[in-house]
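Note sheet for the following structure.
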Amino acid sequence: MSAKGFKENQEESQPPADVRADGLYVHVPLCLAKCRYCDFYSLPLAGDLAGRYVRAAGLELVRLAEFLAWPAGTIFVGGGTPTCLGAGPLGELLGPLGNRAGPETEFSVEANPGTVDGPVADLLAGSGVNRVSLGIQSLQPDELALLGRIHDARQAVEAFGILRRAGLKNLGADLIYGLPGQSMESWLDTLGCVLELSPEHLSCYCLSIEEGTPLADDLRAGRIKPPDEALQKEMYYAAIEQAGKAGLEHYEISNFARPGRRCRHNLIYWHNQPYIGVGPGAASYIAGSRSKYLPDLAGWLDAVLAGRRPAATAERLTGMALMAETLMLNLRLIEGVDRQAFAERFGLDPLAVFPAVFNRYAAQDAVQIDAKNIRIAPKFLFVADSILADLLAKAV
C-alpha cells in the first residue's frame with residue numbers, strides 16, 4: 001500500500017504531513033510470561049505471533065515514515081519484552097528501525113534479564129542500538145517471586161555484564177520499591193548492588209497495585225498486606241541519596257542519570273513534544289493531536305497486514321488543556337518548567353495561566369518559583385502526582 005493510499009484512509013485527526021516527529025516509539029506487546037503487577041498491554045508469546053508482529057511493524061513504519069524526522073532523534077523499542085522475540089525476529093524488527101537512525105540518534109531497547117544472552121546482546125549492538133534499559137526490578141528472590149519475574153538475581157547481574165561485553169556503553173536499570181513486605185534493608189541491598197554495576201541510567205518506580213492484576217487479587221483476598229506508604233516515602237528519598245552518592249543526577253521524579261545520559265526519548269514526553277507510536281496500545285502526538293491504537297494485538301495485526309489503518313482513539317488538545325498537560329509533564333522534571341520556553345510556546349507565562357494553583361502550593365512551600373523556573377520542592381516530590389492532578393483538574 002502506498003503512502004498516498006495510507007493518507008486517503010486516515011481519520012481527520014491524523015497529524016498533518018508537514019509536521020515531523022523527532023521521536024519514534026515501537027510497542028512490542030509480547031512477553032514470555034506476564035508479570036504479576038503489570039497492567040501494560042502485553043500477551044504471552046505463542047505460535048507465529050513474533051513473525052506476524054514484526055512484519056506488521058515494518059509495514060506500519062513505512063506508512064508512518066512521512067510523519068517522522070530523518071534521521072530520528074530517538075527510537076525506543078519497549079513492551080512487553082522486545083528481547084523475548086528471539087534473535088531472528090528481533091533482528092528483522094531492528095533492521096528497518098536502524099535505517100531511521102543517524103550517528104546522533106538515541107536508539108533504546110528494553111530488555112528482561114531472563115532474555116539476554118550473548119547472541120541477543122551482539123544483535124542489539126550490531127543493529128545500531130546504543131542504549132538498553134534492563135528491567136531488573138529487584139535482586140531479592142522473594143520479591144522477584146512476588147512480582148512474577150522470569151529472572152533471578154544472578155541472571156540480572158550476568159545480563160549487565162553480557163551487554164557490556166557486547167560493546168553497549170549506555171545501560172539503564174529499572175527498579176521497583178515499596179513492595180508488600182519489602183524492608184528498607186532489602187531495598188538498600190538491591191539498590192546498592194545495582195549501583196555497583198555502574199549503570200548510566202537508573203529508574204526507581206514506586207509499586208502501584210493496579211486493578212485486574214494478580215497482585216490486586218492477592219491484596220483483595222488478604223494474601224498480601226497493603227504497602228506501607230510511610231516506608232515507601234523513606235525508600236524514595238533513600239534512592240535519591242544513594243544515587244547521588246554514586247554520581248547519578250536526579251533529573252525527573254523517578255529517574256537518575258550520569259551527565260549526558262538522560263533518556264532523551266522520555267524527555268520528548270516530558271517536554272510534550274511530537275512523537276509517533278507503532279504497535280497496539282501505542283500513542284502518537286503531533287500538532288496537538290493525540291491518537292492511540294486500541295490495545296488489541298489481533299485487531300492491529302489484521303488491519304495492518306490487510307493494508308488498513310488500525311482502530312484508534314483520538315483527541316485534539318487546545319487552549320487550557322494543552323497548557324495544563326504541558327505544565328504537568330514539565331513539572332515531573334527536577335528543573336521544572338522553563339518559564340521563558342513556555343511563554344514562547346503559548347504566549348503566556350505559566351503563572352498567568354494557573355495563578356491560584358501555583359500560589360496555593362507556593363504558600364505551602366510545595367512549589368518553588370523564581371524568575372526562570374517553576375519546580376516542585378524536593379521534599380514534596382514523593383507526592384507530586386497529587387499536585388499534578390490538581391493542576392490538570394483546573395483545566396477541565
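Residue indices begin at 1 and follow the sequence shown.
When only modelled atom types and interatomic distance are considered, R149 and Y37 share a side-chain donor-acceptor pair under 3.5 Å. The closest side-chain donor-acceptor pair between S138 and Q140, if any, does not fall under 3.5 angstrom. For the residue pair D22 and Q273, no side-chain donor N or O sits within less than 3.5 Å of a side-chain acceptor on the partner. Inspection of the Y361 and Q368 side chains reveals no N or O donor paired with an N or O acceptor under 3.5 Å.
With hydrogens and angles disregarded, no donor-acceptor distance shorter than 3.5 Å links the side chain of S186 to the backbone of Q182. Judged purely by atom type and a 3.5 angstrom limit, E110 has no side-chain atom pairing as donor or acceptor with the backbone of S133. Remark: side-chain polar atoms of Y275 are not paired, donor with acceptor, to backbone N or O of N266 under 3.5 angstrom. Between the side chain of N373 and the backbone N or O of E335 there is at least one donor-acceptor pair closer than 3.5 Å. Between the T213 side chain and the A216 main chain, a donor and an acceptor come within less than 3.5 Å of each other. In this structure, S291 contributes its side chain and T313 its backbone to no donor-acceptor pair below 3.5 Å. A donor-acceptor pair is defined here as one N or O able to donate and one able to accept, closer than 3.5 Å; no such pair exists between the side chain of D48 and the backbone of G51. In this structure a side-chain-to-backbone donor-acceptor pair under 3.5 Å is present from S386 to V383. Between the side chain of D218 and the backbone N or O of R223 there is no donor-acceptor pair closer than 3.5 Å.
Annotation for R264 and G73: closest pair NH2-O, 2.9 Å, computed over non-hydrogen atoms. Between T115 and L32 the shortest heavy-atom distance is CG2-CD1, 3.7 Å. Among all heavy-atom pairs drawn from P295 and Y41, the shortest one is O-CE1, 3.1 Å. For the pair P29 and P280, the tightest heavy-atom approach, listed with the atom from each and the gap, is CG-CG, 3.6 Å. Pairing each heavy atom of Y293 with each of A312, the nearest pair is CD2-CB, 3.8 Å.
Criterion: ILVMFWY side-chain heavy atoms under 4.5 Å apart, direct or through other members. Under it, I150 and L85 are part of a common hydrophobic cluster. Hydrophobic clustering, with ILVMFWY side chains joined whenever heavy atoms are under 4.5 angstrom apart, keeps L24 apart from W70. Linking Ile, Leu, Val, Met, Phe, Trp and Tyr whenever their side-chain heavy atoms come within less than 4.5 Å puts L171 and L124 in one cluster. Linking Ile, Leu, Val, Met, Phe, Trp and Tyr residues whenever their side-chain heavy atoms come within less than 4.5 Å places V132 and Y25 in a single cluster. M184 and L146 fall into different hydrophobic clusters, defined by Ile, Leu, Val, Met, Phe, Trp and Tyr side-chain heavy atoms under 4.5 Å apart, directly or through other members.
Rounding to the nearest 0.5 Å gives a distance of 6.5 Å between CD1 of I253 and CD1 of I334. Put simply, CE on M235 and CD1 on I240 are 14.0 Å apart, with the number rounded to the nearest 0.5 Å. We find the CG-NZ distance between D365 and K379 to be 5.5 Å, quoted to the nearest 0.5 Å. Taking NE2 from H250 and CD from E241, the interatomic distance works out to 13.0 Å, rounded to the nearest 0.5 Å. L267 contributes atom CG, which lies 9.5 Å from atom OG1 of T74 (distance to the nearest 0.5 angstrom). For the atom pair L147 CG and C35 SG, the distance stands at 7.5 Å (nearest 0.5 Å).
At most 12 heavy atoms of other shown residues, nucleotides or ligands fall within 6.0 angstrom of atom CD in Q340. Within a 6.0 Å sphere centred on NZ of K292, other residues, nucleotides and ligands contribute 12 heavy atoms or fewer.
In this structure, the side chains of L381 and Y237 come closer than 4.5 Å at one or more pairs of heavy atoms. The shortest distance between side-chain heavy atoms of F354 and I374 does not fall below 4.5 Å. With a 4.5 Å cut-off on side-chain heavy atoms, L207 and P180 count as touching. Here the side chains of R339 and L351 are in contact, with some heavy-atom distance below 4.5 Å. Two residues are said to be in side-chain contact when any heavy atoms from C-beta on lie closer than 4.5 Å; F256 and L195 fail this criterion. Contact annotation: the side chain of C31 never approaches that of L43 to less than 4.5 Å [non-hydrogen atoms, C-beta and beyond]. Contact check for L202 versus L191: side-chain heavy atoms found under the 4.5 Å cut-off.
Partners of H265 according to the ring pair (Phe, Tyr, Trp, His ring centres under 6.0 Å) rule, which considers only residues two or more places apart in sequence or in another chain, are F76, Y269. The side chain to side chain donor-acceptor pair (under 3.5 Å) check on D370 picks up R375, with sequence neighbours excluded. Qualifying ring pair (Phe, Tyr, Trp, His ring centres under 6.0 Å) partners for F40, counting only residues two or more places apart in sequence or in other chains: none. Under the rule for a ring pair (Phe, Tyr, Trp, His ring centres under 6.0 Å), the partners of F342 that lie at least two apart in sequence or sit in another chain are F346. The salt bridge (charged side-chain N to carboxylate O under 4.0 Å, His left out) search around E158 returns R154, not counting sequence neighbours.
Salt bridge present: R220 and E211 bring a charged side-chain N and a carboxylate O closer than 4.0 Å. By the 4.0 Å N-to-carboxylate-O rule, E249 lies close enough to R262 to be salt-bridged with it. A salt bridge is defined here as a Lys NZ or Arg NE, NH1 or NH2 lying under 4.0 Å from an Asp or Glu carboxylate O, and R52 with D302 meets this definition. Classification of E325 and R290 as a salt-bridged pair holds, one side-chain N sitting under 4.0 Å from a carboxylate O. At a threshold of 4.0 Å, the pair R332-D385 counts as salt-bridged, since one of the basic side-chain nitrogens sits closer than that to a carboxylate oxygen. Ion pair K233/E229 not flagged as a salt bridge, since none of the NZ, NE, NH1 or NH2 atoms sits closer than 4.0 Å to an Asp/Glu carboxylate oxygen.
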- Working for side chain to side chain contact (heavy atoms under 4.5 Å, CB included), residues R316 and T318: CA-CA 6 Å; R316 179 170 291 280; T318 60; 4.0 Å; yes
- Step by step, would you call S183 with E185 a side chain to side chain donor-acceptor pair (under 3.5 Å)? CA-CA 5 Å; S183 68; E185 182 181 14; 4.8 Å; no
- Task: Decide yes or no on side chain to side chain contact (heavy atoms under 4.5 Å, CB included) for L30 and L297, but give the supporting numbers first.
- Result: CA-CA 9 Å; L30 297 168; L297 177 58; 3.9 Å; yes
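Note: W270 and Y251 have perpendicular aromatic rings, judged against thresholds of 30 and 60 degrees for the angle between ring planes. Using a 30° and 60° split on the angle between ring planes, Y177 and W187 fall in the tilted class, from 30° to 60°.
Tested against R55, the residues L305, V304, L301 include a single side chain to side chain contact (heavy atoms under 4.5 Å, CB included) partner, L305. No option in Q137, H151, Q155 other than H151 meets the side chain to side chain contact (heavy atoms under 4.5 Å, CB included) test with N112.
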Side-chain polar contacts of residues 90-105 - donor-acceptor pairs under 3.5 angstrom, sequence neighbours left out - could you list them?
residue : atom : partner : partner atom : Å
R100    : NH2  : L68     : O            : 3.3
R100    : NH2  : A69     : O            : 3.1
T105    : OG1  : A72     : O            : 2.6
T105    : OG1  : G102    : N            : 2.7
T105    : OG1  : G102    : O            : 3.4

